Structure formats: C-alpha cells, structure tokens
Amino acid sequence: MFALIDCNNFYASCERVFRPDLNGKPVVVLSNNDGCVIARSNEAKALGIPMGAPAFEYEKIFKDHNVAVFSANYTLYGDMSNRVMSILSEYSPEVEIYSIDECFLKFDGLDRFFNLYNYAQEIRQRVKKWTGIPISIGIAPTKALSKVANHIAKKFPEKTNGVYIIDSEEKRIKALKWLPVEDVWGIGPRMSERLKNKGIKTAYEFTQLSDEWVKKEFTIVGLRLKHDLQGILTLDLEKQKDKKSIATTRSFETMYTSFDDLRERVSTFASLCAEKLRRQRSVCQSLMVFIRTNPHRKDLPQYSKSIEINLPIATNSSIELSKFAIMGLKMIFKEGYHYKKAGVITYNLISEGCIQANLFQEIDIRHKKLMEAIDKINSTFGKNKVRFAIQDPKGIQKMKQEKLSPCYTTKLSDVITVYV
DNA sequence: TCTGGGGTCCTAGGACCC
DNA sequence: TCTGGGGTCCTAGGACCC
C-alpha cells in the first residue's frame with residue numbers, strides 16, 4: 001500500500017503555527033512581489049478567493065473580511081517542510097518526497113502488523129503535535145489511488161478525520177465515480193477538455209476507456225495513469241535524483257529600462273544558479289538567459305527574447321556563469337523597452353567529477369577554491385555576506401514583500417518570544 | 001499602478017550514421 | 001518501369017505537477 005501525506009494549505013498553515021490568533025480566520029499567502037495568491041486557508045477559500053488570484057483585484061475582499069495577508073516566506077516554509085518530512089520518514093523506510101508539502105510512503109506488508117487507519121492517525125497526531133502542521137493522509141494500493149484517497153480525506157475532514165483508505169474494489173469504484181475527471185492527478189486542463197468532449201466526466205469513466213484509445217490520445221503517460229487508477233501497480237516510488245535543470249527567474253517590482261539594471265539582475269541570478277549547482281555537486285554545460293517586458297501592459301511595446309549558450313567547459317563557478325549570462329544578455333538586450341522579468345536557467349547538468357577538459361581553454365582551478373570559501377563564509381555568517389561587486393551594490397530591495405513574516409525557525413533574532 | 005517560480009516527462013520530426 | 005533498411009541522437013514543443 002502507498003500513503004500520500006499532504007500538508008493542508010501548507011504555506012498558510014506555516015504562518016498560522018506562529019500566529020495562533022489566526023486559527024479559524026482567513027489567511028492567504030502571496031507569490032513573490034506580492035503578486036498572486038498562492039495559498040489559502042479554508043476560510044479564505046470559502047470567501048471565494050481563487051488560487052492564483054491577482055492580489056490587487058482582491059484587496060477589497062481582504063479588507064472587508066479581515067483576511068491575514070502574508071508575503072511568501074520560503075525560508076520558513078522550507079524549514080517547516082524539512083521538519084514534517086523528517087517525522088514522516090520515521091514511519092516507513094521507503095519515502096518519496098514529492099513536493100514541499102507532499103510525501104509518498106510505501107507501507108509494504110505493514111498491514112499485517114498494524115491497523116493502517118490507526119497507524120495513519122498516529123502519524124497525523126505526531127506531525128501536528130511536533131510541528132503544528134495539519135496533514136491529510138490517503139492510503140491505497142497504487143500511487144494514483146492514494147492521491148484519490150487523499151482528496152477524499154481532505155474533502156470530508158469530519159467524516160474521515162483526515163485519513164481515508166481505499167482497500168477494496170467497492171471503495172475504489174465508489175471513489176472514482178465520485179471524482180470529477182479534471183481532479184485526477186495527471187489530468188490537466190487540456191486532457192480534461194478532450195475527455196469532456198468525449199463525454200467522460202468522472203475518473204471512473206476514464207478507467208473504462210480502451211487502452212488503445214487512451215494511449216493514442218494521451219501517450220504512454222495517460223495509459224500508465226489509467227492502469228494505476230485501475231489498481232494495477234504501474235507508478236512506483238521514485239528515488240531522489242539530481243535536478244536536470246536549475247533556474248533562477250524573477251519578476252521585478254518596477255520595470256527596468258537600462259542595460260545596467262538588467263545586468264545586475266542577470267548576474268545575480270547566474271550566481272544564485274551557481275550556488276544551487278554547487279549544493280547538488282553538479283556543473284552545467286549550457287545556460288539560457290531570457291528577458292521580457294510586462295505582457296499585461298498592452299499600452300507598452302512588447303519584447304521577449306531568450307538565448308542559449310553552450311559553455312566551453314562545464315562549470316558551477318559564479319564568476320564563469322555570471323560572465324556568460326551577461327554575454328547572453330548583451331546579445332538579446334534592446335533599448336527602448338520596459339523590462340519586467342528576467343531569468344537564468346542552467347541545464348545539461350553533469351556531476352562535478354566528470355568535467356570534460358577543453359583543448360583550447362584551461363580550467364581555472366582557483367575558482368573552485370574561491371567558491372568553496374565563499375560558500376563556507378556565507379553558510380556560517382549568513383546569506384550574501386560575500387558577493388560580487390556587480391551584484392546589488394546598494395542592497396536595494398528588488399521585490400515587493402510588504403507582509404513578510406519573521407523567519408521564526410531559522411534566524412535567532414526572529415525566534416518567537418514567550419512572556420510568562 | 002498592481003498578475004509567481006521551479007520543475008519533469010514524452011513525442012514527432014529532422015539530421016545523421018552505416 | 002517504379003528509388004533499401006535499420007538505426008541513433010537531438011530539439012522544440014506540449015503536456016503535466018506543486
């Protein structure tokens with residue numbers, strides 16, 4: 001059996017852990033630049049605030065209903081996620097961390113010794129007690145079905161007490177007949193539209209289609225999903241693998257028109273990518289730089305361009321990546337536009353130990369030591385303590401984050417104070 | 001005025017090989 | 001009358017996830 005554990009309204013719940021006064025009240029978390037709503041407490045959902053809603057369109061609702069609004073605090077969410085995952089890992093040797101707030105556990109043979117429902121309730125209580133984060137658990141013979149079970153647990157919290165198990169054919173069919181096809185994991189807007197055109201409305205009807213048709217229309221991906229939903233074990237736990245691409249992209253709070261401003265951003269993004277590469281001990285062989293104007297500003301001329309660069313020698317040096325990213329920027333930058341977003345994406349990643357030398361260029365071995373020193377200093381004394389002169393010279397805030405909460409769990413000066 | 005960021009996998013088709 | 005057969009690799013684009 002597989003269990004899918006999912007944190008309820010994760011980012012909103014993280015904020016609430018340290019603000020218990022917000023329990024029972026609507027809470028939303030906004031994306032970078034305080035742009036869109038990316039997490040909502042149940043109370044906020046009940047107010048009709050949709051996922052991805054532009055914040056400025058909902059300001060009145062926020063105000064009228066006293067909604068607690070937060071800027072995304074990824075440092076906090078990342079740390080809380082680690083805490084939750086480490087607790088979950090104690091309940092099974094086979095774990096797949098699927099996203100920041102979701103985790104699959106494999107319960108092989110566990111049902112011979114434990115009552116799975118009680119076992120799952122114990123997990124829920126421990127995670128809640130040790131971290132303050134509420135979770136839901138779905139258990140079923142396959143991954144796709146555990147997703148379905150989780151959906152049910154979340155939809156009917158009173159009836160299920162946050163745990164639902166699909167352990168019989170009757171329950172499987174009942175669940176699939178209840179689940180709208182667009183809510184199936186792996187069926188997105190395109191697929192569900194095509195299914196609806198064919199008259200398919202529920203997950204169950206999807207599983208009644210012929211293998212040939214599903215494969216023809218939705219490739220092997222769709223077919224695997226169909227089988228998994230039928231209870232045929234198709235999707236297994238996946239091992240934590242190195243990332244195949246690493247990106248740093250941002251929208252700006254204001255629009256930039258000068259090359260120098262973009263150069264600062266792009267070199268900072270390249271350095272951030274380099275840091276992430278070093279953390280996973282990878283080097284990249286290629287990078288892409290893109291810049292674009294604000295597509296929502298129909299009144300302004302639009303421009304969007306990207307360029308890919310193959311590096312002569314694979315690297316994770318901030319200096320090298322920054323140099324090539326700026327080189328790319330020079331080739332695509334055009335005067336006269338208001339730029340709103342830029343990014344650097346590194347790909348064709350290989351392991352640090354497998355760098356292929358280049359006949360015409362030597363690897364500067366000094367970079368490796370320098371990067372090690374920089375990473376060490378920054379991890380000991382705090383982010384960005386050492387950075388390149390080209391980056392962020394005045395330390396200007398480049399993102400709108402007006403409602404940022406403290407880093408309660410990762411910064412000593414932000415630790416919560418308790419008055420007795 | 002104000003609209004996020006970071007990933008994965010699969011396929012078709014072109015270019016190339018012998 | 002009437003143009004072989006069997007491969008690999010790469011890339012762009014599309015779909016999906018959170």
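Order of the sequence lines fixes the chain letters, A, B, ..., with proteins taken first and strands second; residue numbering starts at 1 for each chain. As the structure is a computational prediction, the values presented were derived from the model and not from experiment.
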- Query: How does DNA chain B look in dot-bracket notation if pairs are Watson-Crick or G-U with both distances under 3.5 Å, crossing ones as [ ], other-strand ones as |?
  - Reply: ....||||||||||||||
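- For the segment residues 274-312 of chain A, the set of residues with a heavy atom within less than 4.0 Å of an atom of DNA chain C is empty.
- For DNA chain B, the residues of residues 38-62 of chain A within the heavy-atom distance limit of 4.0 Å (strictly under) are A:Pro54, A:Phe56, sorted by number.
- Every residue two or more places apart in sequence or in another chain that forms a side chain to side chain donor-acceptor pair (under 3.5 Å) with A:Ser41 is listed here: A:Glu43.
- Of the residues in residues 131-156 of chain A, those lying under 4.0 Å from DNA chain C by heavy-atom distance are A:Lys147.
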Listing, residues 156-164 of chain A side-chain donor-acceptor contacts under 3.5 Å, not counting sequence neighbours, or none:
| residue | atom | partner | partner atom | Å |
| --- | --- | --- | --- | --- |
| A:Thr160 | OG1 | A:Ala153 | O | 3.2 |
| A:Thr160 | OG1 | A:Phe156 | O | 2.7 |
| A:Thr160 | OG1 | A:Gly162 | N | 3.1 |
| A:Asn161 | OD1 | A:Arg124 | NH1 | 3.4 |

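- Listed by first then second residue, pairs satisfying side chain to side chain donor-acceptor pair (under 3.5 Å) with a partner in residues 87-96 of chain A read A:Tyr91-A:Glu122, A:Tyr91-A:Arg126, A:Glu96-A:Lys143, not counting sequence neighbours.
- For A:Arg250, there are no salt bridge (charged side-chain N to carboxylate O under 4.0 Å, His left out) partners two or more places apart in sequence or in a different chain.
- Residues of residues 218-241 of chain A having a heavy atom closer than 4.0 Å to DNA chain B, listed by number: A:Thr219, A:Ile220, A:Val221, A:Arg224, A:Lys241.
- Counting 5' to 3', DNA chain C first comes under 4.0 angstrom of a heavy atom of chain A and last does so at the ends given by C:dA15 to C:dC18.
- Contacts between residues 186-198 of chain A and DNA chain C, counted as heavy-atom distances below 4.0 Å, involve A:Gly186, A:Ile187, A:Gly188, A:Pro189, A:Arg190, A:Met191.
- Near DNA chain C, meaning a heavy atom under 4.0 Å from it, residues 95-102 of chain A has A:Tyr98, A:Ser99, A:Asp101, A:Glu102 in order of number.
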